[in-house]
Undergrad: 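This is the structure, below, for whatever I ask next.
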Amino acid sequence: MTDFTMQIDADGIAVITWDVPGKSMNVLSREAFSEVDGLIDAALTDDAVKGIVITSGKPTFAGGMDLNTLAIIREEAGDDPARGLFDFTMNGHRILRKLERAGLDPKTNKGGKPVACAITGTCMGIGTEIALACHRRFMADDPKARIGLPEILVGIFPGGGGTTRYSRMVGAMAAAPVLLEGKTLDPKKAKGASLVDEVVAPDDLLARAKEWVLSATDADIVKPWDQKGWKMPGGAPYHPAGFMTFVGASAMINGKTKGVYPAAKALLSAVYEGALVDFDTALRIEARWFTHVLMNPSSSAMIRSLFVNKQALEKGANRPDVPDQKADKVGIIGAGMMGAGIAYVSANAGIEVVLIDAAQEAADKGKAYSEGLLDKGMKRGKVTEEKKAEVLSRITATTDYAALEGCDLIVEAVFEDPKVKAEVTKNVLAAVGPETIFATNTSTLPITDLAKASDRPEQFIGIHFFSPVDKMALVEIIKGKETGDRAVAKALDYVRQIRKTPIVVNDARFFYANRCILPYVNEGVRLLKEGVAPALIENAAKLVGMPLGPLQLTDETSLDLGAKIAKATKAAMGDAYDDGADDVVFAMVEQGRLGRKAKAGFYAYDAAGKRLGLWEGLAELAPVADEQPDLTEVQHRLLFAQVLEAVRALEDGVLMDIREGDVGAILGWGFAPWSGGPFSWLDMLGAAYAADRCDELTAAYGDRFACPALLREMAEKGQSFYGRFGPEAKRAA
Ligand code: NAD
């Protein structure tokens, strides 16, 4: 079986078609790269061939590189993985450079064969890098298709020549959205950004590419950087304009990444250093930086969590073996903030929705939320009038439970009150058929208890969304004691339909995500109470990769919610509850400083609700101590508070799969993505060091840092989490 085939047509054009058998998307493997190498040689040396068109046999062009390849190469290289990765990268450069030079004489730049790329649809990563090495790019006109270089989003950067080629095509500044932010563009925007040259009706794509090949001259196929006197657009580093660009870009990257993402820095270094030398040396530099990033444990951890494992979970890695449970009609009870969002994502995914609230006005308001989001999408050119009408027509807003007839899934999102929920459950079950799966979106109430309101607890489950529903990628699926396999499969299939990432956990207080985030927030407030400067607390968190400092996060979620949770937890736990710094939160609430919604919290806000800076009154509430801890100490307290809770969740059997623990942490609450998640981070530290740190932190700050027995045992046995609990270990067991 081959991934690439070549056919020479009557005009002498060699059409190389990429079509990986048995896959819906083309991904590039190492073997296939060698195949392409051979085909390019054959086309370039065959006198009957006038030019080349590279295209895809699928409606899409490419999904990118098979990232597992990188892991395999690293392993195969044994003692010298950097050498293995560098050689592999340089071999890729050699192949694409050969395609780009296409037989041109190095001295005269004459005698080459034109190479066009006919991009049939979505084109990512190495697919785009192959296209960039061609002389002209044609893309099928499909507004849904995207082209780009999103490598940065999984902790690496375009290392197949894309960084060097694209920055030389448009200049460092213009390349930044595509290279540094990983933005992907539709065909028209891609033309504006010079990623493609022509946008063509899909049916004319191949013909137009061939036409160009037949008409192209030597001058059309020599890349600007292979011509005499070439200058970097926007200026190279020692040019006045270029100087400004690179100084600004460096500051911007450090500002945005806080220095914790090695890939962004490496990418900029590759562009900067590459811009000072000739093209082939620049590719070598790019390969060095690429290898450097691949050798950083952060990149393997990010690829593992954000690419390999995220995809595995989305494809149903932990789905019970039950026939397809796709949802056709979903009933959503409670049209408040959560219900309205759940209605939108469901209808948007093509599912019929019945949205119920106690009053018609509330139900209508819930539906209007979808309208608002669709209007916003229209303003940004992402949603058409027809699409808006179609999505809205799928939502029936009503107070009438009879409308629930035919619903195969219910998602309940009414007030967080067991009595209200129990009554709603009974009313719903009286209106739906015996097969319907009932899910609750509760954030704190045990699923097993709520299931008591149902006479079919095996069909009762938790589907916990995060706010705002349309933006947050994670959905936590919670199994009650009696929840059956079909309910789990239903929840997983539904989450897949709405294109979110699921994790499946067992029922326990706060499930998984909230269980870990609360200690983070509490540790932040404890630090404040101890007299640690608030700016140190917030910056320590951000400098270790948390998207929000604990004080800002508390403001966002509101202090009265924090106080409510503290009181409820204390009531449930009794003497075992540690008050920590609850008094600080209570004092804030008493003063009406409830957070962003009150325009007053740990931060000060202006009248329009814009966050200004840390509230000056904090100095009175918690005076800043003369001696301040060092940065790492604060960071360790903030991170250990979270990861130890994740380990306990694993010990308790709440988490059943560490992959879910890592992916859920990054997508659910933004746990330092560079680390790959709590378990990946602990693996980076090593269990022995982590256990020692626990002992030190416990001695200094108390038992909440006590080393979990599991971690202690792993430290003694020299084990890692992925070594012991990863998918390979599970398969071997
Ligand atoms: P909300 O107050 O915005 O909405 C609740 C809605 O339920 C209201 O519109 C109310 O009129 C309606 N309602 C109440 N009783 C009803 C009844 N008997 N019949 C029909 N409708 C009724 O609350 P929310 O923030 O959307 O939260 C809803 C649920 O989702 C809660 O269980 C909450 O714990 C959970 N949750 C909230 C968040 C969050 O960030 N807000 C996140 C995850 C889960």
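The chain is numbered in sequence order, starting from 1. For ligands, and for the atoms within them, numbers begin at 1 and follow the listed sequence.
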Undergrad: Any luck finding a side-chain donor-acceptor pair between Asp400 and Thr398 under 3.5 Å?
TA: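 No, no side-chain donor-acceptor contact under 3.5 Å.
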Undergrad: Quick check: Ser443 and ligand 1, any N/O pair under 3.5 Å apart?
TA: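 Looking only at distances, the answer is yes, because the N/O contact criterion of under 3.5 Å is met.
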Undergrad: Heavy atom under 4.0 Å from ligand 1: found in His464's side chain, backbone, both, or neither?
TA: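 For His464, only side-chain atoms sit under 4.0 Å from ligand 1.
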Undergrad: Report the part of Val424 in contact with ligand 1, treating N, CA, C, O as backbone and CB onward as side chain, heavy atoms under 4.0 Å; options are side chain, backbone, both, neither.
TA: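 Contact part for Val424 vs ligand 1: side chain (C-beta onward).
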Undergrad: Mind checking whether Trp669 and Phe671 have parallel, tilted or perpendicular rings, split at 30° and 60°?
TA: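 The arrangement is perpendicular - the two ring planes meet at more than 60°.
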Undergrad: Considering only the protein, which heavy-atom contact is closest to atom 44 (C) of ligand 1, and what is its distance?
TA: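 Its nearest protein heavy-atom neighbour is Asn441 O, 3.1 Å.
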Undergrad: Is atom 23 (O) of ligand 1 close to the protein, meaning a heavy atom under 4.0 Å from it?
TA: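 Within 4.0 Å of atom 23 (O) of ligand 1, no protein heavy atoms are found.
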Undergrad: Flag Glu412 as yes when one of its N or O atoms lies below 3.5 Å from any N or O atom of ligand 1, and as no otherwise.
TA: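 Among all N and O atoms of Glu412, none is under 3.5 Å from an N or O of ligand 1.
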Undergrad: Does a donor on one side chain and an acceptor on the other come within less than 3.5 Å for Glu416 and Thr442?
TA: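 A pair is found: one side chain offers a donor N or O, the other an acceptor, under 3.5 Å apart.
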Undergrad: Do me a favour and list the nearest non-hydrogen protein atom to atom 15 (N) of ligand 1 with residue, atom name and distance?
TA: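 Answer for atom 15 (N) of ligand 1: Val420 CG1, 3.7 Å.
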Undergrad: Which protein heavy atom lies closest to atom 2 (O) of ligand 1, and at what distance to 0.1 Å?
TA: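 Looking only at protein heavy atoms, the one closest to atom 2 (O) of ligand 1 is Phe415 CE2, 3.5 Å.
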Undergrad: Among protein heavy atoms, which lies nearest atom 20 (C) of ligand 1, and at what distance?
TA: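 Checked against all protein heavy atoms, atom 20 (C) of ligand 1 sits closest to Ala358 N, 3.4 Å.
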Undergrad: Identify the closest protein heavy atom to atom 16 (C) of ligand 1: which residue and atom is it, and at what distance?
TA: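 Nearest neighbour among protein heavy atoms for atom 16 (C) of ligand 1, to 0.1 Å: Val414 CG1, 3.7 Å.
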Undergrad: Can you spot which of Phe705, Trp681, Tyr701 makes a ring pair (Phe, Tyr, Trp, His ring centres under 6.0 Å) with Phe640?
TA: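 Only match with Phe640 under ring pair (Phe, Tyr, Trp, His ring centres under 6.0 Å): Trp681.
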Undergrad: Can we say Lys490 and Asp408 salt-bridge, meaning some charged N sits less than 4.0 Å from an Asp/Glu carboxylate O?
TA: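 A salt bridge links Lys490 with Asp408.
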Undergrad: Applying a 4.0 Å heavy-atom criterion (strictly less than), which segment of Phe465 is in contact with ligand 1: side chain, backbone, both, or neither?
TA: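 Near ligand 1, Phe465 shows its backbone, while the atoms from C-beta on stay back.
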Undergrad: Please check if any side-chain donor atom of Arg304 sits under 3.5 Å from a side-chain acceptor atom of Ser680, or the reverse.
TA: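 Note: Arg304 and Ser680 side chains meet the donor-acceptor criterion.
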Undergrad: Please check if the number of heavy atoms outside Lys529 that lie under 6.0 Å from its NZ is greater than 12.
TA: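 Above 12, so yes.
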Undergrad: Taking the minimum heavy-atom distance to atom 3 (O) of ligand 1, which of Met472, Glu476, Met337 ranks first?
TA: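 Among Met472, Glu476, Met337, the closest heavy atom to atom 3 (O) of ligand 1 belongs to Met337.
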Undergrad: Among protein heavy atoms, which lies nearest atom 40 (O) of ligand 1, and at what distance?
TA: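 Heavy-atom neighbour on the protein nearest atom 40 (O) of ligand 1: Ser467 CB, 3.4 Å.
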Undergrad: Using the ring of Tyr603 (Phe, Tyr or Trp, six-membered ring only), decide whether Arg611 places NZ or CZ under 6.0 Å from its centre and within 45 degrees of its axis.
TA: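 Yes - Arg611 lies over the ring of Tyr603, closer than 6.0 Å to its centre and within 45° of its axis.
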Undergrad: Backbone or side chain, does any N or O of Met338 fall under 3.5 Å from an N or O of ligand 1?
TA: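 N/O-N/O distance below 3.5 Å exists for this pair.
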Undergrad: What protein heavy atom is closest to atom 9 (O) of ligand 1, reported as residue, atom name and distance in Å?
TA: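 That would be Asp357 OD2, 2.6 Å.
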Undergrad: Any chance the side chains of Glu412 and Asn441 put a donor and an acceptor closer than 3.5 Å?
TA: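 Short answer, no.
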Undergrad: Considering heavy atoms of the protein only, find what lies nearest to atom 6 (C) of ligand 1 and give residue, atom and distance to 0.1 Å.
TA: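 The closest heavy atom on the protein side is Gly336 N, 3.6 Å.
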